[in-house]
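For reference, the structure is listed below as structure tokens.
Throughout, numbering of the chain's residues begins at 1 and tracks the sequence.
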Amino acid sequence: MKYDLIVKNALVPAMNGNDTLMTNILVKNEKIAGFLESVEGLEAERYVDAGGKLVLPGCIDSHTHYMDPGFTHRETFLTGTSQAAAGGLTTIIDMPCCSFPRSVLDVDSMNEKLDAIKPQAVVDFGLWGGATGDMVRDGKLADVQAQADAGVLAFKVYMTPSVPTFNRVTDPEMHEVFKAVEKTGVAVGVHAENFAMCDYYVRKYQAEGRLDGPAWSEARLELAEKAAIQLGIAFSEETGARYHVVHMSTGIGARLIGEAKKRGLKVTSEVCPHYLVLNAPEAMSEYGAYAKIAPPLRTTQDNIELWEGLANGSVDFVATDHAPYKILANKDNDDAAVEKDAPGMNIWTAFPGISGSETMVNIIVSEGYNKGRLTLERMVEVLSKSAAIHYGLFPKKGSMNIGSDADLTIIDLEKEWTIDKDVSFMKNKYTPLHGLKLKGKVAHTILRGTSIYHEEPNEVQGKILVEPGFGQFVKRQSIQVLPNKIQFDNYKAIGADFFNNYHRRNLNNVID
């Protein structure tokens with residue numbers, strides 16, 4: 001047999017999860033066809049020499065806002081999925097809200113979005129469906145089941161305002177959405193911030209004349225997320241719906257989810273890399289509106305507790321909440337309003353959102369695995385396997401089983417480098433991660449057996465290797481649910497001393 005691709009000298013996770021072994025990966029018809037210690041005598045159309053680098057199942061970003069169609073001055077599906085490929089991502093799942101003229105709230109609007117983005121995709125992609133307060137009030141909750149039948153992977157709900165075409169839910173409206181989504185078997189993902197609290201304190205600090213960056217974080221206080229998460233847990237317990245906290249920013253959130261898991265409830269959560277490595281007093285003082293996101297950056301104590309949550313399972317996986325906005329330096333679409341740094345704009349009027357798809361995997365490799373916060377097995381779960389299971393894509397995605405899609409992320413664990421906003425595929429080149437020094441970098445990305453991105457030796461920036469439209473729309477394979485357990489034994493195994501020492505080293509930087 002002649003194979004389509006042989007990936008030679010690949011260091012892959014072993015069956016027990018935390019050891020590695022050197023092998024060669026065989027690919028046929030876009031699927032993993034086998035593993036062999038020696039490929040002498042075998043032929044293939046293409047070869048990739050991994051050179052002993054670590055090879056993971058293709059990584060997944062399950063929370064993106066690629067802003068297409070309608071807001072292409074911020075991002076296009078091409079620029080977004082190009083960042084994904086460069087960041088070692090082979091599959092993304094795009095949110096329903098940031099489309100114009102219609103958000104994805106029914107099958108027709110979903111198909112409109114697909115028509116616009118399919119020709120641009122560099123990586124494979126799935127879609128979130130949407131549910132709003134309007135749908136409850138207008139008697140349109142039947143559109144929830146219709147979207148699920150059409151292949152959306154989960155449903156997004158906002159407790160705070162989003163875009164004009166995607167209204168927030170009140171508490172009873174969210175309860176009704178939970179009941180409707182429960183019937184589909186998929187999860188409801190909630191932007192968990194208490195609207196009344198956020199609105200009150202934003203207005204209060206504005207009236208007091210606060211214009212400093214950290215004021216945004218103080219106004220969108222920790223208690224607003226805590227109260228929102230607690231309400232969602234109560235609704236999940238009452239309705240039986242699968243409740244997922246998107247972009248969770250607080251350590252107390254991780255503890256609440258962990259406690260609910262231990263009670264056997266159907267709850268999960270995700271964290272974004274920026275909540276793991278940045279804190280509000282520093283990043284928002286330095287970068288101001290460029291570090292403005294919702295929920296906001298928190299404290300170094302939250303960084304610590306969220307890493308612990310990733311390690312012990314109370315936080316299930318990592319996603320980015322990738323959501324860029326137009327800045328003055330972007331000369332494209334000059335008729336579109338600048339949204340981050342227009343003259344006269346301040347911390348309250350600037351739009352909240354940053355990019356992340358290009359840096360997520362690198363941050364988790366560097367600050368998680370290479371620094372001992374995550375085991376190899378856990379890193380594979382939080383970057384790939386757990387999201388694939390949660391959204392019903394496993395083992396097509398998130399796996400290196402024979403028969404799985406040949407999606408592979410090749411990582412140079414030893415490469416030391418610095419995030420540079422100007423060396424990226426971002427349309428609007430800003431990030432509060434600029435200047436972050438990392439060890440470990442994506443070197444090569446393979447999607448369904450085809451190389452889609454490669455780091456060029458001695459070049460400042462790597463290259464996208466496929467044409468727009470190579471990425472495919474992926475639908476849910478089945479209803480799948482993550483194991484509902486907290487692995488405190490896993491946390492202890494990776495070194496409780498590390499976390500204790502980290503607490504002591506950062507004690508003076510913790511903001512109560």
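The side-chain hydrogen bond (donor to acceptor under 3.5 Å, both in side chains) check on Lys439 picks up Glu414, with sequence neighbours excluded. With sequence neighbours excluded, the residues forming a side chain to side chain contact (heavy atoms under 4.5 Å, CB included) with Val152 are Met110, Gln147, Phe155, listed by chain and number. Phe166 is linked by a ring pair (Phe, Tyr, Trp, His ring centres under 6.0 Å) to Tyr158, counting only residues two or more places apart in sequence or in another chain. For Asp405, the side-chain hydrogen bond (donor to acceptor under 3.5 Å, both in side chains) criterion is met by Lys31, Lys396, Lys397, not counting sequence neighbours. Under the rule for a ring pair (Phe, Tyr, Trp, His ring centres under 6.0 Å), Trp216 has no partner lying at least two apart in sequence or in another chain. With sequence neighbours left out, His65 forms a ring pair (Phe, Tyr, Trp, His ring centres under 6.0 Å) with His63. Listed by chain and residue number, nothing satisfies the side-chain hydrogen bond (donor to acceptor under 3.5 Å, both in side chains) test with Asn484 (two or more places apart in sequence, or in another chain). Applying the side-chain hydrogen bond (donor to acceptor under 3.5 Å, both in side chains) test to Thr250 and every residue at least two apart in sequence or in another chain returns Glu225. A search for ring pair (Phe, Tyr, Trp, His ring centres under 6.0 Å) contacts involving His322 returns Tyr66, not counting sequence neighbours. For the salt bridge (Lys or Arg N to Asp or Glu O under 4.0 Å) test, residues two or more places apart in sequence or in another chain that qualify with Arg74 are Glu339. Taking Phe195 as the reference, Thr160, Pro161, Arg168, Asp199 meet the side chain to side chain contact (heavy atoms under 4.5 Å, CB included) condition, with sequence neighbours excluded.
Aromatic ring pairs are classed by plane angle as parallel below 30°, tilted from 30° to 60° and perpendicular above 60°; the pair Phe125 and Phe77 is perpendicular.
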Below 3.5 Å, can you tabulate the donor-acceptor pairs from side chains in residues 230-238 to any protein atom, sequence neighbours excluded?
residue: Ser236; atom: OG; partner: Ala241; partner atom: O; Å: 2.7
residue: Glu237; atom: OE2; partner: Arg263; partner atom: NH1; Å: 3.0
residue: Glu238; atom: OE1; partner: His175; partner atom: NE2; Å: 2.7

